J.: 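Below is the structure I would like to discuss, written out as structure tokens.
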Number of protein chains: 2
Amino acid sequence: MAPRHQPALDRDRVVAAAFEQLEEDGLEALSMRRLAARLGVQAPALYWHFGDKAELLGLMSARIYAMALAETQGAIDWRGWLVAYGEALRRSFAAHRDGALLCARARPPQAIEPEVQAARLAAPLVALGLDQARALSAQAAVIAFALGWAMYAANGPMRDHLAQMLDFDATFSQGLAALVRGL
Amino acid sequence: MAPRHQPALDRDRVVAAAFEQLEEDGLEALSMRRLAARLGVQAPALYWHFGDKAELLGLMSARIYAMALAETQGAIDWRGWLVAYGEALRRSFAAHRDGALLCARARPPQAIEPEVQAARLAAPLVALGLDQARALSAQAAVIAFALGWAMYAANGPMRDHLAQMLDFDATFSQGLAALVRGL
DNA sequence: ACCTGAACACCGTTCAAGT
DNA sequence: ACCTGAACACCGTTCAAGT
């Protein structure tokens with residue numbers, strides 16, 4: 001067997017480096033060229049592994065959502081699941097610089113058909129007794145609230161001033177609880 | 001009196017043209033150079049009227065928020081005001097292509113001090129009997145929900161499929177009502 | 001299969017110079 | 001006061017060519 005060269009890059013290595021770059025300089029500075037430089041490679045090399053930059057951002061955003069989903073466990077009923085998921089989402093968005101903005105801008109990796117995707121997303125809630133349509137809309141509402149809050153908290157007009165007047169996290173939790181109670 | 005040349009540009013004309021450009025090609029294509037071309041001018045001319053692109057985007061986002069605020073009237077109590085504001089925000093975000101994304105990304109024009117800004121924002125709710133801290137946090141929650149929903153609705157992973165299963169606007173309204181009820 | 005070099009068509013922004 | 005011309009330091013992406 002002739003020795004085969006190990007490829008310098010693979011998708012996981014690139015995504016990991018992209019998260020590092022994001023942490024250090026924010027979303028605006030996350031360019032394909034800088035990312036390539038960090039990986040010791042020329043920019044076009046990335047296009048062997050990703051169709052375009054949007055695909056990379058989509059994978060990063062999927063990873064942020066997956067992180068929240070992995071933290072959501074042990075719920076007894078669907079309301080409990082939604083609250084746990086909302087809290088996990090907020091932590092997940094806050095865990096990476098510009099995390100919410102990234103998820104807002106990224107087009108999700110829609111490899112599979114929407115029907116399958118929808119069934120998969122709704123599965124945890126369906127297992128707890130919700131029908132699929134209500135599961136999807138409830139989940140969408142919780143994601144919207146967490147996403148919007150994370151963005152507001154990261155960039156809001158009076159963020160600093162607000163932070164002196166109230167507990168940001170507690171207010172989020174109250175809003176989330178209210179939303180889920182009313183669904 | 002010697003005749004004075006009318007300036008070709010002013011801030012309002014530029015903002016109006018920017019909204020046209022946004023409608024036609026979306027946020028990604030809203031560049032200073034294209035905007036200048038639409039105005040029959042060279043790109044650096046814009047920098048006489050705006051410090052940078054972020055300032056222009058901030059003004060656009062402020063206009064979107066102001067549009068919602070202007071539509072919010074006739075509320076009898078603070079819950080009614082919040083629901084009306086939330087609905088108006090959703091319409092306002094939807095009224096311009098990439099409206100929610102624009103507002104999410106834009107740094108707000110923070111000309112005035114945060115204390116004054118906070119008091120001004122809270123004023124309608126304070127007039128209806130809420131103290132300022134609760135007014136600000138309630139308003140933040142409603143904005144977060146509307147912003148997040150608009151973004152999710154514009155770009156969601158299963159938007160098309162979801163739209164077949166449920167009424168998007170009705171679901172938003174239910175979520176908003178639930179949130180406000182619980183605050 | 002995986003990456004480089006060179007190029008194309010763009011960006012935001014600055015700044016001297018024009019009027 | 002208000003705008004142009006030219007330039008700087010970047011972008012994402014394509015594509016032939018290398019190995």
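Remember, predicted model here, so these are calculated numbers, not experimental data. Lettering of chains follows the sequences in order, A, B, ..., and the numbering in each one begins at 1.
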J.: Taking the basic N atoms (NZ, or NE/NH1/NH2) and the acidic carboxylate oxygens, is any pair closer than 4.0 Å for A:Arg34 and A:Glu24?
T.: no
J.: Just how far is it from atom CH2 of A:Trp81 to atom CG of A:Asp77, taken to the nearest 0.5 Å?
T.: 12.5 Å
J.: Tell me, do A:Leu9 and A:Leu46 make a side-chain contact under 4.5 Å, heavy atoms counted?
T.: yes
J.: Do A:Cys103 and A:Tyr65 have side chains that get closer than 4.5 Å, going by heavy atoms?
T.: yes
J.: Are any protein N/O atoms closer than 3.5 Å to N/O atoms in nucleotides 17-19 of chain D? If there are, list each pair with its distance.
T.:
none

J.: Salt-bridged, A:Asp25 to A:Arg38, with N to O below 4.0 Å?
T.: no
J.: Roughly how far apart, to the nearest Å, are C:dA9 and D:dA9 at atom P?
T.: 22 Å
J.: Which atom pairs, one a donor and one an acceptor, fall under 3.5 Å between side chains of residues 171-183 of chain B and the rest of the protein, sequence neighbours left out?
T.:
residue	atom	partner	partner atom	Å
B:Thr171	OG1	B:Asp167	O	2.8
B:Ser173	OG	B:Glu87	OE2	2.8
B:Ser173	OG	B:Asp169	O	3.1

J.: Ignoring hydrogens and angles, tell me if any N or O in the side chain of B:Asp98 forms a donor-acceptor pair with the backbone of B:Leu27 under 3.5 Å.
T.: yes
J.: Can we say A:Asp52 and A:Arg107 salt-bridge, meaning some charged N sits less than 4.0 Å from an Asp/Glu carboxylate O?
T.: yes
J.: Using whole Å, report how far CG of B:Asp52 lies from C1' of C:dC11.
T.: 14 Å
J.: Dot-bracket, DNA chain D: Watson-Crick or G-U, under 3.5 angstrom, [ ] crossing, | other strand?
T.: ||.|||||...|||||.||
J.: Can you pull the ring-ring contact (aromatic ring centres under 6.0 Å, His included) pairs that have at least one residue in residues 9-44 of chain A, sequence neighbours excluded?
T.: A:Phe19-A:His96
J.: Taking N or O atoms only and anything under 3.5 Å, show me the protein contacts with nucleotides 3-10 of chain C, one pair per line.
T.:
residue	atom	partner	partner atom	Å
C:dC3	OP1	A:Ala8	N	2.8
C:dC3	OP1	A:Leu9	N	3.1
C:dC3	OP2	A:His49	NE2	2.6
C:dT4	OP2	A:Gln42	N	2.8

J.: In whole Å, what is the span from the CE atom of A:Met32 to the C1' atom of C:dC11?
T.: 17 Å
J.: Rounded to whole angstroms, how far apart are NZ on A:Lys53 and P on C:dC11?
T.: 15 Å
J.: Whole-Å distance between C:dT13 P and B:Glu55 CD?
T.: 11 Å
J.: Hey, can you pull the donor-acceptor pairs under 3.5 Å for the side chains in residues 55-62 of chain A, sequence neighbours left out?
T.:
residue	atom	partner	partner atom	Å
A:Glu55	OE1	A:Gly51	N	2.6
A:Glu55	OE2	A:Arg11	NH1	3.3
A:Glu55	OE2	A:Arg11	NH2	3.2

